[in-house]
Amino acid sequence: MLILWIKALHIIFVISWFGGLFYLPRLFVNHAMISDSATSERLKLMERKLYRFMTPLGVLALAFGIWLWLGFGYSGTWLNIKLALVAVLAAYHLYCGHLVKVFAADANQYGHVFYRWFNEVPVLVLFAIVFLVVLKP
Ligand code: HEM
């Protein structure tokens with residue numbers, strides 16, 4: 001059953017990708033709260049490495065999702081809404097990459113409260129997508 005292997009891999013890479021989507025903005029919260037340069041340099045390194053690691057995980061999660069979608073004829077309103085939410089998530093991911101560069105240049109403009117709220121975006125999208133794929137309303 002090829003489809004089940006692809007689905008399992010899709011779920012594995014989604015979970016792995018979300019590890020980064022939850023943790024990277026959490027690093028931004030810490031980064032926005034500190035002022036000493038040694039800690040800032042350590043956080044810059046962690047942010048850069050984490051982003052570099054989570055990008056291929058996201059690409060694989062989407063690639064296996066697209067394979068399921070186009071290879072096995074899934075369709076429906078749930079899928080259309082899911083794809084729109086996936087676009088939000090991809091934009092969020094890319095914006096995180098932009099923020100990694102902003103912090104690296106010591107040019108952050110936002111406080112830790114902003115990043116705490118920012119950190120909740122992938123949580124909400126995760127709830128919405130899992131309800132959609134499981135309940136298929
Ligand atoms: C281009 C992006 C994506 C596409 C085209 C896609 C497509 C699909 C398809 C066609 C299925 C099979 C549904 C079924 O078996 O009923 C599926 C399963 C699933 N997807 Fe995605 N997906 C994508 C991204 C995501 C993302 C970002 C998440 C998480 C936030 C996610 C979470 C899941 C889960 C949890 C399942 C398992 C559902 C089940 O077996 O009942 N997918 N996906």
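Each ligand, and each atom within it, is numbered from 1 in the order the structure gives. Just so it is clear, the structure is predicted and the values come from calculations on it, not from any experiment. Just so it is clear, the values below take in all heavy atoms, side chains as well, and ignore hydrogens, waters and symmetry mates.
For the atom pair CE (Met33) and CG (Leu43), the distance works out to 11.5 Å, reported to the nearest 0.5 Å. Separating the NE2 atom in His98 from the CZ atom in Phe103 is a distance of 10.5 Å, to the nearest 0.5 Å. Taking CE from Met46 and CD from Glu41, the interatomic distance works out to 13.5 Å, rounded to the nearest 0.5 Å.
Set against the non-hydrogen atoms of Val14, the atoms of ligand 1 under 4.0 Å away are 26 (C), 28 (C), 29 (C), 31 (C). Per-residue contacts place Trp69 under 4.0 angstrom from the following atoms of ligand 1 (heavy atoms of the residue considered): 5 (C), 10 (C).
Only the side chain of Leu89 comes within 4.0 Å of ligand 1, judged by heavy-atom distances. Both the backbone and the side chain of Ile66 come within 4.0 Å of ligand 1, judged by heavy-atom distances. With a 4.0 Å heavy-atom cut-off, ligand 1 is reached by the side chain of Trp78 but not by its N, CA, C or O. No part of Leu85 comes within 4.0 Å of ligand 1, judged by heavy-atom distances.
Considering only non-hydrogen protein atoms, atom 3 (C) of ligand 1 sits nearest to Gly65 CA, 3.9 Å. Looking at atom 35 (C) of ligand 1, its nearest protein heavy atom turns out to be Val133 CG2, 4.0 Å. With hydrogens left out, the protein atom closest to atom 11 (C) of ligand 1 is Leu68 CD1, 3.6 Å, a heavy atom. Scanning all protein heavy atoms for the shortest distance to atom 37 (C) of ligand 1 gives Ile11 CD1, 3.8 Å.
Heavy-atom proximity to atom 2 (C) of ligand 1, evaluated over Val86, Leu4, Ile6, is greatest for Val86. Here atom 6 (C) of ligand 1 lies nearest to Lys82 when heavy atoms of His93, Lys82, Lys7 are compared.
In this structure, Phe28 has its ring center no closer than 6.0 Å to that of His31.
Between Phe118 and Tyr92, the ring-plane angle classifies as parallel under the 30° and 60° cut-offs.
Listed by first and then second residue, the side-chain hydrogen bond (donor to acceptor under 3.5 Å, both in side chains) pairs involving residues 12-28 are Trp17-His93 (not counting sequence neighbours).
Tyr74 and Leu68 get closest at one heavy-atom pair: CD1-O, 3.2 Å. Nearest approach of Gly20 to Pro25, heavy atoms of both residues: O-CD, 3.9 Å.
For Lys44 and Glu47, the salt-bridge test fails: no basic side-chain N is under 4.0 Å from an acidic carboxylate O.
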Taking it one step at a time, do Phe64 and Ile12 satisfy side-chain contact (heavy atoms from CB on, under 4.5 Å)? CA-CA 10 Å; Phe64 282 108; Ile12 288 165; over 6 Å; no
Derivation of the side-chain hydrogen bond (donor to acceptor under 3.5 Å, both in side chains) call for Thr77 and Asn80: CA-CA 5 Å; Thr77 309; Asn80 296 336; 5.3 Å; no
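Look at Phe18 and you'll find a heavy atom under 4.0 Å from some atom of ligand 1. For Leu83, the heavy-atom gap to ligand 1 drops under 4.0 angstrom.
Note: an N/O pair closer than 3.5 Å links Tyr74 and ligand 1 by distance alone. For the pair Lys136 and ligand 1, the shortest N or O to N or O distance falls below 3.5 Å. Remark: ligand 1 and His10 share an N or O pair separated by less than 3.5 Å (distance only, no angle test).
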